[in-house]
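Below, chain A is the first sequence line, B the second, and so on; all start at residue 1.
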Amino acid sequence: MPDESDTVPKSPEAELIAVRREKLARLRELGVDPFGGRFETDHEINDLRVNFEEGKKVRIAGRITAHRDMGKSHFFDVSDFRGRIQCYLNAKALGEEQIEIFSQLDLGDWIGIEGETFNTKVGEPTVKTEAFKVLSKSLRPMPDKYHGLADKETRYRQRYLDLMSNEGSRDIFLKRSLMVNEIRSFLQQRGFIEVETPMLQDVPGGAAAQPFETFHNALDMPLYMRIAPELFLKRLLVGGMTRVFELNRNFRNEGISRRHNPEFTMLEAYWAYADFEAMADLVEEMVCGMAEKFCGGLEIEHRNGAGEVTRTINLKRPWKRAPYRDLIKGVAGEDWFEISPEERCGKCSGLGVEISADMEDYEITQQVFEKLVEEHTFDPLYVTHVPKELVPLAKQNTADDSLVDVYELIINGQEISPGYSELNDPDVQRQRLEQQAGGETQKVDEEFLLALEHGMPPAGGIGVGIDRLVMMLTGAESIRDVVLFPQLKRSAGED
RNA sequence: GCGCGGGUAGCUCAGCUGGUAGAGCAGUUGGCUUUUAACCAAUUGGUCCUGGGUUCGAGUCCCAGUCCGCGUACCA
């Protein structure tokens with residue numbers, strides 16, 4: 001093997017890597033496997049630190065994330081996803097050979113420690129190392145030990161670097177996992193069963209977004225990634241699953257933004273014999289339970305990078321419920337629905353709402369709603385009595401058939417959850433879908449309509465955007481901060 | 001898609017009206033037996049995103065591209 005160090009001019013990064021590779025080779029010379037193997041631990045790092053007792057024999061493992069070398073004494077931090085603990089190592093106690101091995105270790109290396117717990121002079125819970133095992137050598141340097149990793153692009157592309165160096169990021173993803181567990185157990189306790197329905201669909205339905213298209217070779221047919229599971233979950237209502245939910249990914253081939261990732265996580269739940277108001281109560285109870293469990297109460301503070309509170313969301317119950325038309329009148333004038341469509345168009349510029357020429361009348365009103373109500377609503381608001389054009393899969397209101405029996409829950413300036421009294425009349429459903437499909441390219445899902453003809457019980461249904469819910473509860477400003485691997489453009493150098 | 005802002009050492013960041021690149025951390029060497037952003041001393045380290053242009057001279061100015069961010073559009 002040629003000696004690269006003499007022939008190839010090295011980049012500074014390559015030099016850092018070369019130093020670590022030399023240590024890797026040295027470990028092997030010393031008879032140590034730098035990539036370890038089984039190591040039995042009896043304590044989780046964070047548990048050990050939180051429930052700390054002195055004088056206990058423990059076996060722990062983690063990544064070395066700090067090293068304070070005092071000559072004969074070493075202090076170093078061992079960390080994992082949930083926490084860190086300080087370890088102490090005394091050169092004399094360990095012996096020369098072990099110190100030689102230890103000195104081949106760097107920040108970022110994984111290590112197993114066997115030792116005894118004690119408190120230092122300043123009261124830091126610490127494990128006194130009696131023996132250690134190299135578990136994995138890291139060949140590349142870690143991000144800055146104090147500032148962590150700040151570069152957004154690297155944080156998203158190499159999330160592991162973000163997770164190993166930024167506590168705030170670890171906290172969000174740990175909470176997200178616990179929150180999803182909480183949602184599942186909340187629903188399961190209430191008799192809902194979790195199912196999985198197709199993500200590859202012949203007719204992408206249940207929403208009006210652009211789907212991703214793919215192709216099945218053996219069947220020789222195009223398939224679509226689902227944009228919503230709704231039409232399959234309703235087939236299960238027909239089949240007799242009277243309380244059912246699915247919590248998984250949807251895919252929409254639309255723009256990417258602070259609030260949109262092409263694949264995102266959605267909860268959909270259907271409850272036979274209930275209606276949209278029962279579903280609103282259910283969501284309210286679920287979200288408040290999560291806030292109390294994970295956010296320390298019903299007041300959620302969002303902070304900026306400097307730690308200043310930028311927004312406080314008050315989830316105190318009962319959440320406000322208001323009809324769509326009343327909200328519009330509140331921002332656009334009491335006469336909004338009396339004046340002509342042309343006058344409504346004219347009024348928009350005065351309200352600072354941009355509209356385009358090809359918008360239908362109801363779309364103009366919807367635009368007013370989104371810009372003047374939705375984006376300014378941070379505390380929970382259930383918007384009810386929505387125009388039927390916006391929601392083709394919900395039951396019409398018995399008193400006014402231009403409206404549907406739905407809510408749209410707004411929190412944090414975004415739609416977090418819609419809830420319907422589900423439309424179960426197959427003839428009306430066909431009519432509503434065909435009207436809708438008129439201007440759109442969407443196909444009507446005949447298999448779904450066939451299922452409805454077999455009888456779907458009346459039911460309440462909800463969708464909850466999990467990413468947005470986690471954003472609201474953790475104060476994350478971007479969906480990319482709550483999705484582990486957000487979609488990014490291929491970077492230069494990749495194929 | 002469009003508009004605005006950004007890309008400087010492995011990481012976090014400075015770099016003035018254009019004058020030839022700087023700190024802290026990490027690394028390396030030495031010192032230190034209770035430190036914790038350990039400390040002290042010394043030291044290595046640069047395709048200033050890429051490609052053109054203007055200029056005696058470009059990290060800095062101009063143009064194009066690229067990736068990231070924010071806004072906007074699309075997303076019943």
Side-chain angles (χ1 to χ4, degrees), chain A residues 9-20 22-23 65-77 84-93 106-108 118-126 128 138-157 161 164-166 206-211 227-228 250 252-262 264 354 356 359-360 362-363 366-367 369-371 386-394 404 406 408 415 418 432-433 435-437 439-440 442 465 477-478 480 486 488-494:
Chain A
K10 285 185 223 160
S11 73
E13 184 179 19
E15 280 176 36
L16 292 172
I17 294 168
V19 167
R20 287 178 178 237
E22 281 164 23
K23 292 176 180 171
T65 51
H67 179 205
R68 297 173 285 279
D69 178 357
M70 308 272 306
K72 301 265 187 312
S73 304
H74 297 259
F75 292 90
F76 53 100
D77 292 348
R84 60 159 272 273
I85 193 153
Q86 175 171 269
C87 295
Y88 168 79
L89 186 152
N90 183 290
K92 221 171 169 184
D106 288 298
L107 297 186
F118 74 106
N119 278 308
T120 63
K121 277 183 186 170
V122 288
E124 176 77 15
T126 303
K128 182 176 187 174
S138 164
L139 299 177
R140 287 171 183 268
M142 277 194 73
D144 190 284
K145 68 176 178 183
Y146 182 65
H147 299 94
L149 182 65
D151 181 71
K152 286 239 166 100
E153 189 172 351
T154 311
R155 289 181 55 199
Y156 299 149
R157 287 191 197 279
L161 295 177
M164 73 174 78
S165 61
N166 294 338
Q210 289 296 314
I227 54 177
N250 288 347
R252 296 188 183 177
N253 202 343
E254 308 280 358
I256 293 178
S257 80
R258 209 156 60 86
R259 300 182 187 77
H260 299 87
N261 195 57
F264 61 100
E354 280 181 46
S356 55
M359 279 182 173
E360 301 276 341
Y362 74 87
E363 291 177 306
Q366 175 64 9
Q367 193 70 7
F369 173 78
E370 285 176 14
K371 294 297 159 191
V386 174
K388 70 172 180 185
E389 292 85 353
L390 298 171
V391 192
L393 297 168
V404 281
V406 306
E408 286 185 12
E415 188 180 343
R432 297 270 296 283
L433 281 176
Q435 275 172 11
Q436 187 73 21
E440 310 275 331
Q442 276 197 84
E477 285 175 1
S478 168
R480 294 174 204 108
L488 298 181
K489 226 178 223 186
R490 179 186 299 128
S491 69
E494 290 179 49

- [ ] Indicate, yes or no, whether a donor-acceptor pair under 3.5 Å links the base of B/U35 to the side chain of A/E124.
- [x] no

Open item on the list: Of the options B/C70, B/C68, B/U35, whose atoms approach the side-chain atoms of A/L488 most closely?
Closed with: B/C68

Open item on the list: Distance check, C1' atoms only: B/G18 and B/U54, in whole angstrom units.
Closed with: 12 Å

Task: Qualifying residue, where the test is side chain to side chain contact (heavy atoms under 4.5 Å, CB included) with A/L149 and the options are A/M164, A/M142, A/R155 - done: A/R155

Open item on the list: What's A/N253 touching, base or sugar-phosphate or nothing? Going by heavy atoms closer than 4.0 Å.
Closed with: nothing

Open item on the list: Base, sugar-phosphate or nothing for A/F118? Non-hydrogen atoms, less than 4.0 Å.
Closed with: base

TODO: For A/K371, report the nucleic acid contact type (base, sugar-phosphate, nothing); a contact means any heavy atom under 4.0 Å.
DONE: sugar-phosphate

Task: Protein-nucleotide distance (A/L139, atom CG; B/A26, atom C1'), rounded to Å - done: 16 Å

Task: Counter-base of B/G59, judged by Watson-Crick or G-U geometry with both distances under 3.5 Å - done: none

- [ ] Look at the side chain of A/H147 against the base of B/C11 and say whether a donor-acceptor pair falls under 3.5 Å; ignore hydrogens and angles.
- [x] no

Open item on the list: Heavy atoms only, 4.0 Å cut-off, all strands: where does A/K388 land among base, sugar-phosphate and nothing?
Closed with: nothing

Task: Polar side-chain contact A/T120-B/U35 base: donor and acceptor under 3.5 Å - done: yes

TODO: Look at A/R68 and B/U35 and indicate whether a side-chain polar atom (N or O) is within less than 4.0 Å of OP1 or OP2.
DONE: no

TODO: Would you sort out whether A/R258 and A/E477 count as a side chain to side chain contact (heavy atoms under 4.5 Å, CB included), showing the intermediate values?
DONE: CA-CA 7 Å; A/R258 209 156 60 86; A/E477 285 175 1; 4.2 Å; yes

TODO: Verify the contact: side-chain N or O of A/K152 to OP1 or OP2 of B/C68, cut-off strictly under 4.0 Å; return yes or no.
DONE: no

Below 3.5 Å is the cut-off: list the nitrogen or oxygen pairs between protein and nucleotides 8-10 of chain B, distance only.
unit_1 : atom_1 : unit_2 : atom_2 : d
B/G10  : OP1    : A/E13  : N      : 3.4

TODO: Would you indicate what A/R480 reaches in the nucleic acid, counting non-hydrogen atoms under 4.0 angstrom: base, sugar-phosphate, or nothing?
DONE: sugar-phosphate

TODO: Could you please name the partner base of B/G18, counting Watson-Crick and G-U wobble pairs only when both distances are under 3.5 Å?
DONE: none

TODO: Consider the side chain of A/V19, meaning its heavy atoms from C-beta on, and name the nucleotide among B/G45, B/G27, B/U35 that approaches it most closely.
DONE: B/G27

Open item on the list: What's the separation between atom NZ in A/K128 and atom CG in A/L89, rounded to the nearest 0.5 Å?
Closed with: 10.0 Å

Task: Inter-nucleotide P distance (B/G59, B/U34), Å rounded - done: 49 Å

Task: Length of the line joining A/D77:CG and B/A37:C1', which is rounded to integer Å - done: 11 Å

